[in-house]
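Report on one structure; see the data block that follows.
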Amino acid sequence: MFTRTDDRITATQAAVFLNNTVLGAGILTLPRSVSEAVKTPDSWLSVLLGGVIVMAVVTLMVKISQQFPGKTIFQYAGTIVGRVPGAFLCLLLIIYFLIIAGFEIRSLAEVTLFFLLEGTPIWAIILPFIWVGSYLVYGGINAIARVFQIIFPISIMILLICYGFSLRLFDINNLRPVLGSGILPVLSGLKSTVLVYTGCEVVMTLVAFMQQPRQAVKAMLVGIGIPIGLYLLTVVMVIGGVSIDSAITSTWPTIDLIRSFEIPGFLFERMEFPLMVIWLMQMFCNFCSFFFQASLGISQIFRLRVHTVIYLLVPVIFISTMVPKSVNELFSLGDMIGKAGIVLFLLIPLMLSVIWLIRTKGLKQHV
Amino acid sequence: MISLLSSVISHIPGWDVFFQAGIALLIPLAVSRIYKALYSLVGSGRAVESPGSSAKKRKGQSDAPVSPPPQARQGFSGNYAADLQSIKSAIGRNSDLHFKEFTITRLQKQAVLIYVDGMQNDRILNLQIMQFLMLEATADSFSPSGSAGQQLPFSQLSEASDLADFNKSVLYGYAGLLIEGLPQGLLIQPPEGDSRSLDEPVSEALLRGPRLGFSESLNENTSILRRQGRSDQLEMVTHRAGNRIQKDLVIAYMKDIVNPELLREVESRISKLDIDFLAESGYIEQLIEDNYLSPFQQVQNTERPDRVISALLEGRIAILLDGTPFALIVPVTFSMLLQSPEDYYERWLPGSLLRMLRFAASFLALMAPALYISFISFHPGLIPTELALSIIETRQGVPFPSIIEVLILEVSIEILREAGIRLPKPVGQAMGIVGGLIIGDAAVNAGIVSPFLVIVVAVTAISSFSIPMYSAGITLRILRFVGMGFAALLGMFGTILFFLMICSHLTKLKSFGVPYLTPVSPFRARDWKDLFFRAPLALMKRRPAMMKTQDSKRKS
């Protein structure tokens, strides 16, 4: 009881874990990427619609994971489709996680270079960040979930305060007309909203770590619901605040929004500083989550000690961070990750569930 | 296909990136190697790990001088003259030891009373014990069955069948009695050394609350705990620790509240103590804590009996050591270090306010200089423009970068504080005035530091004093310098990394199995009523959930 050694997390921790995995880079980039695709003020509808789809996806992932209690995707994929194809699918997932981890750090480094530390060599920002992250990941899922639990309330609170202050710029006319060009632009925006929800694949490992897997559906839906709500709020506030045109042209529209007003008589005249702080912490959570998933996957597939894998992944993540040559390449990498996310969804939870259903219900096999 | 290949090739990063990746791998490897080496180096000499290894160790030590001389291992022979001779040869050279030989008149038997100067009240010794033994004792008092002690009219009497034990106890202050024909020694009358009067604890002063602190005597301390109130569940178990000089220590707990697993863990760690002498309870703290490389303390120390008793009622365990007024309380969490007993004695609103102030103060004590450095050196644009301008204006004449500037002032404040503790009180106050006011002002006038920094450093110093546990304040002082280093290298980004690193460390840290950051993380909603807030007493119906007590209800 006192000296607990098992790696189990509560339902609350699992929900916070999922939230902190998904909520991240999108806070600053989502308004631009989705507006670029939609080009009408209806981008918030895309976010909402994407959120509903992602919730369905998450439910499916939880359901399939619940069939294999205590096992992660890396363990049960092999039982469903056979060892080698399963390992192949899991490797795809791991590479995907590693690329996202690199993407997250790179966007963090770009934002830091742009706003906080001009002229600093990029490795000086990335290296300490990876090191601190690996120190956390070394502690296992319990340590990670606890740190997330500390950061979660801070970031939600400050984010809401920032948006609350930006209400003074909010103009409902910027969001009108609703569905002025029909439903088609909304659907074309779905592609870019999927990117911000990438990372919800961690559900397939999280369920295995839950103390009460029965509560998984509820916990995971709450966990994905919070970022959906916050992203929706972000898009509504940014487009309502700075209008769709400037949201498309600016690189980091959310920061532009927060920078564009001053609060006289307050300790900080602009809310940009607290926003940067919580965004950095949120990115840290994102990165640690993907780092953890990737190291867990490799250690489970190849039966290696997870601590060895963590060390070995540090340089891999560093290289994957340094691959994009410019901010624009970084963004196109982001688009590619979004597309890869869709493919992976088709491959892993959907295909696995179908095969599993066929094998258990159709062929009456015992899996 | 070829275009895809070429784009892949064009994206393979240069050699410098691979070189940096190598560094990225090597540094954590090296750090963890050093950490592990350090951990096992310190850990190997800390406690006896398992029964097997302890047996081995004892075997290795058996010919070392640590074990008592072999001739002392024997029991009493029953031959009075021989026994007395062996006692004399073992400890007789001590000049403060007295042998008073006499004859028990009614029995016509030889006896000797052995005692040490200053440990016994001579009047009682002479009048009562001697009078009884010499004149009144009869054959019934020393029945040959061996249960001699029961017939003697002394409340505190024990038998020692081992000569070495007998010698040790006599030198510790017991009055020893050896009687012709009895095959054991009797230990009458425990030592009554002088102790100081009970005072208000210096290190934990309160405005409201009992003006009572522990003293150096273990018996007195346990009796103070008993005097807190009537209960048949307050249990105190004595253990002995120390290889060369043994000392008593008492583990105190509430029998029907404490978690039995926690108790077993504490007892097993206490029994593994392997050191020749425990000079202060700090020795125990360092030998039983979970992680000795962490800057955070995992055992709480206190001089206040009221603090101890309320900790016991929360299901925690206290360890009292003879010879020190500092009792240890385990387990402890970070938030407990910021709580003061006064929070509960005052009404709940002021209590809550003071507690939140303390949390804010500890944040300032940790972060203020780091924030100053990152704002001034890296991001003056993030603070209000007028403030930034005025600070920069005052810093015009300062020739150093802000990290040096902060270090100069911080280090001198730390020196002042250290000097103030060593000096007698009146001089210490004078030092504080000279240091704080005059040097600060002179440093500003001399253009070494900026006036704004003086404010920052002063606020930081005062904040770290507002933490009720002195040792927790030291931790924050150490970490403050680390934070300044991070801020000087990477500005705000470094400060955030520093914060995240502390969070990562704290979430991994445990004190006797209780995660150090409970109830914040892992989240225990029930315990939040006693975290930043101090809820009204009527609402505190249950004991802290994190202690997993047997009986969780405070109220009937």
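A, B, ... follow the sequence lines: proteins, then strands. Residue 1 opens every chain. All of these numbers come straight from a predicted model, not from anything done at the bench.
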Hey, can you pull the donor-acceptor pairs under 3.5 Å for the side chains in residues 12-32 of chain B, sequence neighbours left out?
{"from": "B:S32", "atom 1": "OG", "to": "A:Y311", "atom 2": "OH", "distance (Å)": "2.7"}
{"from": "B:S32", "atom 1": "OG", "to": "B:L29", "atom 2": "O", "distance (Å)": "3.2"}

Is any side-chain heavy atom of A:P128 closer than 4.5 Å to one of B:L490?
yes

Non-hydrogen atoms of chain B under 4.5 Å away: do they reach the side chain of A:L127, the backbone, both or neither?
side chain

How far apart are the C-alpha atoms of B:F523 and A:R146, what are their side-chain angles, what is the distance that settles it, and do they pass the side chain to side chain contact (heavy atoms under 4.5 Å, CB included) test?
CA-CA 8 Å; B:F523 182 77; A:R146 285 183 198 149; over 6 Å; no

So what's closer than 4.5 Å to chain B heavy atoms on A:E329: side chain, backbone, both or neither?
side chain

Between A:A143 and B:T507 the two heavy atoms that sit nearest each other are O-OG1, 3.8 Å

Please classify the contact between A:I125 and chain B as side chain, backbone, both or neither, with a heavy-atom cut-off of under 4.5 Å.
both

Inter- and intrachain pairs under side-chain hydrogen bond (donor to acceptor under 3.5 Å, both in side chains), touching residues 97-115 of chain A, at least two apart
A:R106-A:E110

Can you say whether A:F129 sits under 4.5 Å from chain B via the side chain, the backbone, both, or neither, judging by heavy atoms?
both

Can you tell if the side chain of B:H379 reaches within under 4.5 Å of the side chain of A:L116, non-hydrogen atoms only?
yes

Measure distances from A:I126 to the heavy atoms of chain B and classify the residue's part below 4.5 Å as side chain, backbone, both or neither.
neither

Counting only pairs under 3.5 Å, give me each side-chain donor-acceptor contact of residues 274-285 of chain A, with atom names and distances, residues two or more places apart or in other chains.
{"from": "A:W279", "atom 1": "NE1", "to": "A:G24", "atom 2": "O", "distance (Å)": "3.2"}
{"from": "A:Q282", "atom 1": "OE1", "to": "A:S155", "atom 2": "OG", "distance (Å)": "2.8"}
{"from": "A:Q282", "atom 1": "NE2", "to": "A:N20", "atom 2": "OD1", "distance (Å)": "3.1"}

Within 45 degrees of the axis of the six-membered ring of A:Y138 and under 6.0 Å from its centre: does B:K508 put its NZ or CZ there?
no

Which residues in residues 370-378 of chain B have any heavy atom lying under 4.5 Å from a heavy atom of chain A?
B:F375, B:F378

